[in-house]
Every structure is written in structure tokens, then in C-alpha cells.
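Convention: sequence-line order gives letters A, B, ...; per-chain numbering from 1. Below, each value reflects all heavy atoms present in this structure, side chains not excepted, and no hydrogens, waters or symmetry copies.
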Number of protein chains: 2
Amino acid sequence: MDLDVRRLRVLHEVALRGGVTAAAAALHVTPSAVSQQLAQLAREAGYPLVERSGRGVVLTSAGQVLAVHAERILGAVEQAVTGLAVAHRRVAGTVRVGSFPSAAGALVAPAAARAMAAHPDLDVRVSEAEDEQSRLDLRSAVLDIAVLQEYDHVPGIATAELDRHPIATDPMHLITPSGWGRHTGRLGDLADVPWVASAAYTPCGRSTLHACHLAGFEPDIRHRAIDFALTLDLVAAGLGAALVPGMALRNVPAGVHVEPLVRPVTGRRIFAVTRPRGDGPVHPAIAAVLDALAQVRPPAGTQTTRLAAGVAAAMR
Amino acid sequence: MDLDVRRLRVLHEVALRGGVTAAAAALHVTPSAVSQQLAQLAREAGYPLVERSGRGVVLTSAGQVLAVHAERILGAVEQAVTGLAVAHRRVAGTVRVGSFPSAAGALVAPAAARAMAAHPDLDVRVSEAEDEQSRLDLRSAVLDIAVLQEYDHVPGIATAELDRHPIATDPMHLITPSGWGRHTGRLGDLADVPWVASAAYTPCGRSTLHACHLAGFEPDIRHRAIDFALTLDLVAAGLGAALVPGMALRNVPAGVHVEPLVRPVTGRRIFAVTRPRGDGPVHPAIAAVLDALAQVRPPAGTQTTRLAAGVAAAMR
DNA sequence: CCAGCGTTGTAGCGTGGCTACATGGATCTG
DNA sequence: CAGATCCATGTAGCCACGCTACAACGCTGG
């Protein structure tokens with residue numbers, strides 16, 4: 001009984017994505033192929049692994065057990081590949097990095113360029129995605145590094161069982177139309193103005209709300225943006241004040257006043273996660289990108305604090 | 001890059017057996033198939049894994065690294081199967097036990113019968129083999145349990161990186177033709193008689209020699225046996241004295257006097273080894289056989305001491 | 001230097017996995 | 001409550017991969 005890795009990857013993907021169709025999409029095959037592989041794996045394992053539930057499927061207890069082991073096995077395979085690269089001290093190959101939008105341009109793009117310049121055989125690929133999708137893609141080896149964020153006082157994404165590499169802290173800034181002239185840096189002084197915020201389902205939107213509550217008022221949110229560029233434009237148009245992380249302040253349009261938020265001080269932590277490597281080494285190519293991420297200086301105009309200390313050390 | 005388990009098993013086998021042909025034999029395929037799989041694996045890994053050396057091949061450094069990881073991966077796969085069986089508390093399947101000759105009949109056969117009687121879905125298969133071959137077959141998953149021996153003062157087989165389960169200690173006995181009448185139990189009193197010993201390359205043969213040296217004399221070894229039955233027949237024929245472990249004394253022919261060796265006291269330890277399971281559980285079927293091995297009472301006439309204590313505990 | 005062993009290439013066959021399509025069950029909607 | 005939709009699973013057929021059998025080649029030991 002030999003439990004092919006290919007099949008185990010299928011099971012893992014079904015467990016991760018919650019269905020045959022989603023797993024098939026992630027694996028770039030048809031649902032039929034996934035279904036057949038699952039059936040074959042169940043035959044080999046001796047127990048049914050999934051059972052139908054409504055429109056979809058759920059894992060049986062055997063399926064859950066095997067899925068957990070599958071992730072370990074896939075990890076062991078990855079460690080073998082890493083072992084080969086480490087033995088040859090070769091920084092080469094493709095590293096796929098997923099990042100939430102505002103860090104993708106400000107942090108990941110320069111880090112990718114820096115890493116590729118330093119290592120000619122290294123190929124870094126960046127993809128912009130929301131945190132949760134990055135996390136899933138990381139676990140299913142679509143990505144090698146996920147750059148995630150965690151706002152103060154807002155529950156972050158679950159990163160247990162993933163390796164965490166701090167990159168930077170990014171304090172919130174208060175932006176107001178220049179014409180207002182109310183530049184105290186204190187949130188409480190802006191309780192009576194209209195607000196611009198990120199969408200309610202985003203951690204930034206939740207963070208804004210929480211910060212206002214800390215300052216003792218309920219913000220009158222008139223406009224909702226997804227992209228920080230729109231937030232800036234709305235503020236530039238005089239339609240309200242907003243709270244944005246420093247990294248979003250690379251290209252501030254005219255008519256916007258920026259100041260650090262001094263009361264209450266709040267912000268977000270930016271960090272990278274990788275698949276757990278146990279007690280083994282990090283793949284040299286991934287280590288090179290993590291290094292570049294830790295060392296990149298955010299573009300002028302941002303107020304982000306680097307956290308290079310310890311990151312390079314943590315990688316080896 | 002996905003490194004199929006099947007291929008990794010091929011590499012592992014080549015590393016273990018030291019050649020393509022030997023690995024092919026162990027895997028029940030032709031050498032050509034092994035060679036092709038190896039070439040394919042090298043292509044996937046990105047490095048050559050073997051290089052020709054004289055008539056055979058040796059692993060490159062990359063090959064060695066990958067072989068080590070291969071064993072871990074194969075272990076992880078086995079732990080997955082074990083996890084399924086444990087989750088269903090099902091003592092079923094085939095357990096292959098390899099044993100050195102004298103324990104195979106005295107210990108393993110009754111243990112196998114006992115285990116199969118207790119668990120109807122359990123299939124135990126016994127094969128007699130020398131320690132070193134059992135060890136190799138255990139590591140390449142041809143066997144699930146290897147029953148090995150270790151004589152006092154004789155270097156035993158390397159069992160590092162294998163899980164060890166003590167079964168019994170087996171003290172040496174002095175056997176002499178009945179007619180001699182020299183029954184002191186002391187080796188030193190038999191310095192001037194002819195001897196029968198096991199072949200020089202066997203640990204028992206070496207043990208006999210060492211015991212005589214401890215007693216201060218060089219034995220005059222006239223006859224060499226492989227099987228203890230022949231040893232007994234030679235002694236029964238009056239051709240010499242011999243030193244044999246208690247377990248070999250199940251069917252003592254007429255004309256042989258048996259007494260425990262009291263000076264010097266020496267013997268062998270009998271133990272089972274299994275593939276390392278890390279911090280995971282033992283497969284229920286294997287645990288059942290280990291349990292039976294620990295609990296079996298050696299047939300009447302032997303002088304073996306059971307070591308049941310702690311074995312059952314160690315298994316869970 | 002030849003015989004033999006061991007590994008590697010090549011042709012051909014069989015197995016197995018994939019796609020495309022069809023089927024069947026469950027949920028949502030008008 | 002029926003039709004639409006979504007999701008998983010069977011079926012047929014094609015393609016790719018791995019195996020065997022056979023041949024060739026290199027090294028070693030007598």
C-alpha cells in the first residue's frame with residue numbers, strides 16, 4: 001500500500017478548499033479527475049474518505065486523519081527538495097509570493113527586484129490577493145511566501161502551524177483635506193466630521209471603527225473604499241477624514257494633509273508566513289526573498305518601521 | 001516538482017542494497033526499471049543521484065541527501081497508514097516478521113499463532129533470516145518486525161534509528177556428552193576437552209570463543225556447526241563439549257548432559273526492532289504481534305527468561 | 001585478454017490517469 | 001412545486017508513463 005503523493009495532494013486540496021470542484025480548480029484538472037483520484041485513494045486506504053453532504057462532500061473521520069498526514073508527507077517531500085538545494089548552496093528556482101494589496105507594491109515589488117538582482121538564477125513571482133486566499137494558496141503550495149497583515153485590536157488571520165517572519169510595523173496616519181486645518185493628530189478632535197473608511201469587511205475598515213471607539217465617538221462614515229487610492233482621492237475631494245496605514249501614503253494627491261496619529265497610537269504589523277519547515281532549514285531561494293523583504297526600505301513618503309532585526313537570524 | 005514516493009523508494013533501496021541489481025531484486029522488478037526510475041528522479045531533483053564506480057554505482061552527495069529524506073518520507077507515509085488503522089482501532093492486515101533461526105521456532109512461531117488466534121483479521125508471516133538481512137528487509141519494508149539477538153561481549157548489529165523492543169534474555173548453557181560426567185558448570189574445568197562450536201562468523205561462535213578466553217584457555221575447536229541441532233548431535237556423539245543458548249535446548253537428544261553455565265555467566269539478549277515511528281503510535285497489528293512476542297512462554301525445556309515487563313507499556 | 005557481472009539504452013506493450021460528456025441528487029428560486 | 005443551477009460521480013476514449021525483454025557497453029578478475 002503506497003499512497004501516492006499525487007493522490008494525497010488531491011485529498012489535501014479537497015480538505016483545504018472544502019470541495020471537489022474547488023480542489024480541481026486549484027489543481028488545474030477537472031472535478032472528474034479529482035473524484036477518481038479520491039475514489040482510488042479511498043480504495044488504497046481501505047476506508048471511505050469523503051461522503052456526500054448536500055450539494056458537496058465532507059471528509060469522513062478517516063479522510064480527516066489522512067488529510068492531516070498528507071500535509072505532513074507533502075511537507076517532508078518539500079523538505080527533501082530543500083535539502084538538495086541547501087546541500088548545493090544554490091539560490092535558484094521560482095519563489096511565488098502572495099501579498100495583500102497595499103504591501104504588494106510598496107514592499108514586495110522592490111524586495112522581489114532586489115532579490116532577483118542579487119541572485120541571477122532566482123525567479124520571484126508576485127501575486128496580489130486577500131489574506132485568506134494567500135493563506136490557502138500558501139498551504140497548497142501555490143505560493144511559497146504569503147505577506148499578511150494584522151491590525152491592532154482586530155483579530156488577524158489564523159497563522160498557527162505556519163512559520164512567521166516579521167517584516168515591519170505600519171502605524172496609522174490621519175489624513176484630512178488640507179483646507180480643514182485641524183492638524184492635532186488626535187482622533188478625538190475629529191468626532192464631528194464626515195469620514196471615509198475602507199469597506200466594513202476589511203481589517204482596515206474595522207480598525208478605523210475601533211480606533212474611533214477608543215477615542216470615544218462613533219464615526220459618521222459617508223464613503224467606503226477598497227483601494228487606498230480611492231480613499232486618498234475622496235479625502236482630497238474634501239469629502240471626509242480617513243485613517244490609513246503609512247504604507248498607503250506613497251503617492252498622496254494634492255489637497256490632502258497627512259499626519260501621524262498620536263492619540264490613540266495604532267497600526268498594523270506586516271509579516272510573511274511560510275509553510276512549516278519543522279526543524280529543517282529554509283529553502284535558500286525562499287530565504288533570499290525573506291531576507292530581501294526584511295531589508296527592503298519602503299519608498300520615500302511612507303512611515304513604515306522596518307523590523308529587519310532578527311529576521312535574517314530566524315531564517316537560519 | 002513532486003518526487004513520487006515510488007521513485008523515492010527505488011532510491012532508498014539502491015542506497016540500502018548498494019546497487020541497482022540488488023535493489024531491483026528487492027523491488028521485484030528488472031534492473032532496467034530501477035535505472036530508468038533513478039534517471040527520472042535525478043531529472044526531477046535537478047542533480048545526478050548516482051555515478052558509476054567500477055562495476056557498480058555509488059550515490060552522489062545529492063543522492064545521499066535525498067536517500068535520507070526518502071526514508072523520512074516513506075516513514076511519514078507509513079505513519080499515515082498507521083494513523084488510519086489506529087483511528088479505527090482495527091487490528092488487521094499482514095505483519096511480516098523476520099527472525100534469526102533459533103528464535104523463529106521457539107519464540108516467533110508460538111507468538112504468531114497466539115496473535116492470529118487473538119485477532120481473526122490479523123495475518124502474521126514468519127521468515128527465517130540472518131540478522132543483517134532481517135535488518136535490511138526491515139528498513140526496506142519487506143519486514144515489519146525483525147527479531148534479533150545480541151550476545152554478551154560480541155558486537156551486535158547496528159540498530160540505531162530503529163525502535164527496539166526487548167523480548168527475553170537467553171543464558172548460555174554448557175552441554176557435554178553424558179558419559180563424561182564432568183558436571184561442574186564451570187568452563188575452566190573443560191579446558192582440555194575437544195569443542196564443538198558454531199561457525200566462526202556467527203555471533204554464537206564468537207561468543208563461545210570469548211567465554212573460553214574469559215575462563216583462561218583457548219578451546220580446541222574440532223567441529224563447526226551452523227544449526228544448533230547439529231551441535232547437539234555432535235555432542236551426543238561424544239565428539240566434544242559446546243556452549244549453546246537455552247533456547248536451542250528444546251529437543252535435546254539422548255546422551256547429552258545440559259547444565260547452566262555458572263562461570264562465567266554469559267548469554268544473549270533477544271529483542272525485536274521495528275522501523276522508527278517518531279512520536280506516533282505503533283500500528284495496531286504490529287503492536288499485537290510485539291505483545292504476543294513479549295508474552296509468549298518459551299517451550300518447556302528452555303531456560304529463557306521472559307522480559308515482558310515494560311514491553312507492552314513501551315508499545316503505547 | 002577474455003569471460004562475466006552490472007548498468008544503461010531502446011522498442012514495444014500494458015496499465016492508469018486525464019478530458020469530455022452524461023447522469024443523478026440537492027438546493028434555491030419564481 | 002417545478003425549473004434552474006450547482007456539485008459530485010460515473011463512462012468512453014485518448015494519451016502518457018512504467019514496465020519487460022533485449023542489446024550494448026564498461027569495468028574487473030582470472
Side-chain angles (χ1 to χ4, degrees), chain A residues 1-60 62-64 66-67 70 74 77 136 140, chain B residues 1-60 62-64 66-67 70 74 77 136 140:
Chain A
M1 193 199 310
D2 230 13
L3 301 187
D4 184 25
V5 253
R6 198 166 173 65
R7 285 192 242 275
L8 290 172
R9 169 153 283 141
V10 168
L11 175 65
H12 179 233
E13 211 64 46
V14 170
L16 210 59
R17 313 273 175 178
V20 172
T21 303
L27 293 165
H28 303 112
V29 294
T30 60
S32 184
V34 169
S35 184
Q36 290 174 54
Q37 292 286 30
L38 226 44
Q40 180 61 29
L41 186 61
R43 222 166 296 135
E44 288 174 4
Y47 302 98
L49 302 175
V50 297
E51 57 187 8
R52 305 208 51 154
S53 164
R55 279 207 279 217
V57 290
V58 292
L59 294 191
T60 62
Q64 291 171 15
L66 196 54
L74 293 170
V77 170
L136 283 178
S140 64
Chain B
M1 194 197 314
D2 231 13
L3 300 189
D4 184 26
V5 214
R6 196 164 175 65
R7 284 192 241 276
L8 290 171
R9 170 154 282 140
V10 168
L11 175 65
H12 180 234
E13 211 63 45
V14 169
L16 211 59
R17 313 273 176 178
V20 172
T21 304
L27 293 166
H28 302 112
V29 295
T30 60
S32 184
V34 169
S35 183
Q36 291 175 53
Q37 293 287 25
L38 227 43
Q40 180 62 29
L41 186 60
R43 222 166 296 137
E44 289 173 3
Y47 303 98
L49 300 176
V50 297
E51 58 187 9
R52 306 210 50 154
S53 164
R55 280 207 279 218
V57 291
V58 292
L59 294 191
T60 63
Q64 290 171 15
L66 197 53
L74 293 170
V77 171
L136 283 177
S140 63

Using whole Å, what does the distance between atom [atom2] of nucleotide [N] and atom [atom1] of [X] come to?
{"X": "B:L38", "N": "C:dG6", "atom1": "CG", "atom2": "P", "result": "17 Å"}
{"X": "A:L27", "N": "C:dG17", "atom1": "CG", "atom2": "P", "result": "15 Å"}
{"X": "B:D4", "N": "D:dC17", "atom1": "CG", "atom2": "C1'", "result": "11 Å"}
{"X": "A:R17", "N": "D:dC6", "atom1": "CZ", "atom2": "P", "result": "20 Å"}
{"X": "B:E51", "N": "D:dC27", "atom1": "CD", "atom2": "P", "result": "13 Å"}
{"X": "B:E44", "N": "D:dG18", "atom1": "CD", "atom2": "C1'", "result": "13 Å"}
{"X": "B:R43", "N": "D:dC17", "atom1": "CZ", "atom2": "P", "result": "11 Å"}
{"X": "B:L49", "N": "C:dT8", "atom1": "CG", "atom2": "P", "result": "11 Å"}

Strictly below 4.0 Å: does [X] bring a side-chain N or O up to OP1 or OP2 of [N]?
{"X": "B:T30", "N": "D:dT20", "answer": "yes"}
{"X": "A:R55", "N": "D:dT9", "answer": "no"}
{"X": "A:Q37", "N": "C:dG16", "answer": "no"}
{"X": "A:R6", "N": "C:dC18", "answer": "yes"}

Of A:R52 and A:Q40, the one whose closest DNA chain C nucleotide lies more 5':
A:Q40

Side-chain touch B:E51/B:V57, heavy atoms, less than 4.5 angstrom
no

Are B:T60 and B:Q64 close enough that some pair of their side-chain heavy atoms sits under 4.5 Å apart?
no

Show your working on side-chain contact (heavy atoms from CB on, under 4.5 Å) between B:V29 and B:V10 and close with a plain yes or no.
CA-CA 10 Å; B:V29 295; B:V10 168; over 6 Å; no

Mind running side-chain hydrogen bond (donor to acceptor under 3.5 Å, both in side chains) on A:R17 and A:S140 for me, showing each step along the way?
CA-CA 9 Å; A:R17 313 273 175 178; A:S140 64; 2.7 Å; yes

Check every strand shown and say whether A:T21 touches a base, only sugar-phosphate, or nothing at a heavy-atom separation below 4.0 Å.
sugar-phosphate

Hey, does A:Q36 reach any base, or is it just sugar-phosphate, or nothing, if we go heavy atoms under 4.0 Å?
base

Would you check, one step at a time, whether the test side-chain hydrogen bond (donor to acceptor under 3.5 Å, both in side chains) holds for A:Q36 with A:S32?
CA-CA 6 Å; A:Q36 290 174 54; A:S32 184; 3.1 Å; yes

Distance-only donor-acceptor test, A:S32 side-chain atoms vs C:dA20 base atoms, 3.5 Å:
yes

Go through C:dT8, C:dT19, C:dG17 for me and flag the one nearest to the A:R7 side chain.
C:dG17

